[in-house]
Amino acid sequence: MKIATYNVNGINGRLEILLRWLKEDAPDVVCLQELKTDDARFPRKEIERAGYGAIWHGQRSWNGVAILAKGKTPILTRRGLPGDPDDTHSRYVEAAVDGILIGCLYLPNGNPFPGAKFDYKLRWFRRLQEYAAELLELDVPSILAGDFNVMPTEIDVYKPERWLDDALFRPEVRKAYAHLVAQGWTDAVRHLHPGEHIYTFWKYWRNSFERDAGLRIDHFLLSPAVAPLLRSATVRRKPRSWAHTSDHAPVMIELDFSAAGADL
DNA sequence: ATGCCATTGAAACAATGA
């Protein structure tokens, strides 16, 4: 089973890019972020025509998350992260697919630091920690995937010294991510590729992608029941090289349900 | 050092992103 996460940076503006990549990599499940569309303008028909069922949590202009599943419709389990009824951003959607709970998230950027946006990021992170702890307590096979807007460690940034005061790399934010992982989650990419410089985002300007001046900010966190099934975790760099593409690349993991002891 | 690029939505610019 191939599961991917992809910050598309506008699902309608980059629909051709998304469909082309779906055809090339044929993921079974996809978590999308930054739809930048309201619910009514989600391109359901085009996605269905590509063979995918979908659930989504949209918002006009900004944010927006969705989960796609090949040949089936994900079973919606949650729209919005619990813990703050006044939060109007569409940044979390969750569904069950083939017995696994998939949480698709778009964590706030938080810049500039210091400021209200940074404070919102830390509050959102705290809510995520609380909810993630609940998932582990429920002992449901779970995956939290998406754009976390955090470089977890120095090797996740091309030039860490330049990012020290950025909201994606501030100590508070790295600590929040580490605290989340320490609950018992496995960072899939880092687990299979310790010590490697791996990036998932490159700015549009100054030939960042060509220079590989990137950041690793799109992550997969696997619950203890899912982690033993992990077979591969790779960044799909090719779509990032296409014209008019997102500034993020898809990240994809493969799970092997036939693994010994798998009982999902 | 820096949104230097790019999108959306509204109104020929502002807000946002990382």
Side-chain angles (χ1 to χ4, degrees), chain A residues 5-19 21 31-43 46 56-66 87-92 104-122 124-125 128 145-174 176-177 189 197-219 235 237 239-251:
Chain A
T5 182
Y6 188 19
N7 180 324
V8 282
N9 192 11
I11 194 169
N12 286 316
R14 300 193 209 279
L15 189 55
E16 293 313 310
I17 296 278
L18 174 63
L19 296 176
W21 167 68
C31 296
L32 296 173
Q33 303 86 34
E34 280 208 83
L35 304 179
K36 295 187 176 181
T37 179
D38 54 32
D39 285 337
R41 288 189 179 83
F42 183 86
E46 291 85 346
W56 58 92
H57 185 25
Q59 184 171 348
R60 198 172 78 163
S61 304
W62 302 302
N63 309 318
V65 283
D87 185 0
T88 57
H89 295 200
S90 298
R91 297 183 176 275
Y92 187 85
C104 171
L105 65 99
Y106 175 46
L107 213 132
N109 174 308
N111 275 308
F113 168 84
K117 290 186 175 179
F118 188 74
D119 297 341
Y120 171 63
K121 179 177 196 167
L122 292 184
W124 208 93
F125 227 135
L128 180 61
D147 178 357
F148 285 68
N149 269 317
V150 186
M151 297 84 90
T153 68
E154 294 205 338
I155 63 168
D156 300 309
V157 199
Y158 67 103
K159 277 207 166 106
E161 66 275 12
R162 287 194 191 172
W163 290 82
L164 292 174
D165 264 337
D166 190 278
L168 281 70
F169 200 51
R170 283 285 305 172
E172 303 92 318
V173 175
R174 273 186 273 170
Y177 184 84
V189 169
H197 291 265
I198 298 172
Y199 307 131
T200 66
F201 166 91
W202 301 260
K203 294 180 183 187
Y204 284 120
W205 30 283
R206 286 196 167 174
N207 291 314
S208 298
F209 185 61
E210 291 74 9
R211 295 185 296 118
D212 201 25
L215 313 173
R216 188 174 77 95
I217 56 178
D218 300 275
H219 307 300
V235 178
R237 295 172 65 106
R240 182 59 182 81
S241 72
W242 296 340
H244 310 297
T245 195
S246 168
D247 37 10
H248 295 249
V251 183

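Within every chain, numbering begins at 1; the chains are lettered A, B, ... in the order of the sequence lines, protein sequences first and strands thereafter.
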Considering residues at least two apart in sequence or located in another chain, which fulfil the side chain to side chain donor-acceptor pair (under 3.5 Å) criterion with A:Trp202?
->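 Applying side chain to side chain donor-acceptor pair (under 3.5 Å) to A:Trp202 gives A:Asp212.
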
A:Arg174: side chain to side chain donor-acceptor pair (under 3.5 Å) partners, not counting sequence neighbours |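 Counting only residues at least two positions away or on another chain, A:Arg174 forms no side chain to side chain donor-acceptor pair (under 3.5 Å).
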
Using a heavy-atom cut-off of under 4.0 Å over every strand shown, decide if [X] touches base, sugar-phosphate, or nothing.
X: A:Lys159; value: nothing
X: A:Asp218; value: nothing
X: A:Phe113; value: nothing
X: A:Asn111; value: base

Write down the atom of A:Ser90, the atom of A:Gly58, and the distance for their closest heavy-atom approach.
->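 Smallest heavy-atom distance, with atoms named: OG-O, 2.8 Å.
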
How far apart are the closest heavy atoms of A:Val235 and A:Ala249, and which atoms are they?
->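 Where A:Val235 meets A:Ala249 most closely, the heavy atoms are CG1-CB, 3.8 Å.
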
If we take the [atom1] atom in both [N] and [M], what is their distance in whole Å?
N: B:dA6; M: B:dA1; atom1: P; result: 25 Å
N: B:dA14; M: B:dC4; atom1: P; result: 14 Å
N: B:dT7; M: B:dT2; atom1: P; result: 23 Å
N: B:dT16; M: B:dG3; atom1: P; result: 15 Å
N: B:dA15; M: B:dA10; atom1: P; result: 14 Å

Taking [atom1] from [X] and [atom2] from [N], how many angstroms apart are they, rounded to a whole number?
X: A:Lys203; N: B:dT16; atom1: NZ; atom2: C1'; value: 14 Å
X: A:Phe201; N: B:dA6; atom1: CZ; atom2: C1'; value: 11 Å
X: A:Leu215; N: B:dG3; atom1: CG; atom2: C1'; value: 13 Å
X: A:His248; N: B:dC5; atom1: NE2; atom2: P; value: 18 Å
X: A:Lys121; N: B:dG17; atom1: NZ; atom2: P; value: 11 Å
X: A:Asn149; N: B:dG17; atom1: CG; atom2: C1'; value: 9 Å
X: A:Trp205; N: B:dT7; atom1: CH2; atom2: C1'; value: 16 Å
X: A:His89; N: B:dA15; atom1: NE2; atom2: P; value: 15 Å

Non-hydrogen side-chain atoms of A:Leu32 and A:Cys104 separated by less than 4.5 Å =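 Of all side-chain heavy-atom pairs linking A:Cys104 with A:Leu32, none is under 4.5 Å.
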
Residue whose nearest DNA chain B nucleotide is more 5′ - A:Met151 or A:Asp247 = A:Asp247

Ranking A:Arg162 and A:Lys117 by the position along DNA chain B of their nearest nucleotide, the one closer to 5' is A:Arg162

Who pairs with [X] by salt bridge (charged side-chain N to carboxylate O under 4.0 Å, His left out), at least two apart in sequence or on another chain?
X: A:Asp156; answer: A:Arg190, A:Arg216
X: A:Asp166; answer: none
X: A:Asp119; answer: none

Taking O4'-C1'-N9-C4 for purines and O4'-C1'-N1-C2 for pyrimidines, is B:dA11 syn (within 90° of 0) or anti?
-> anti

When you check every protein heavy atom under 4.0 Å of nucleotides 8-13 of chain B, what one-letter string (B, S, -) results, 5' to 3'?
-> SSS---

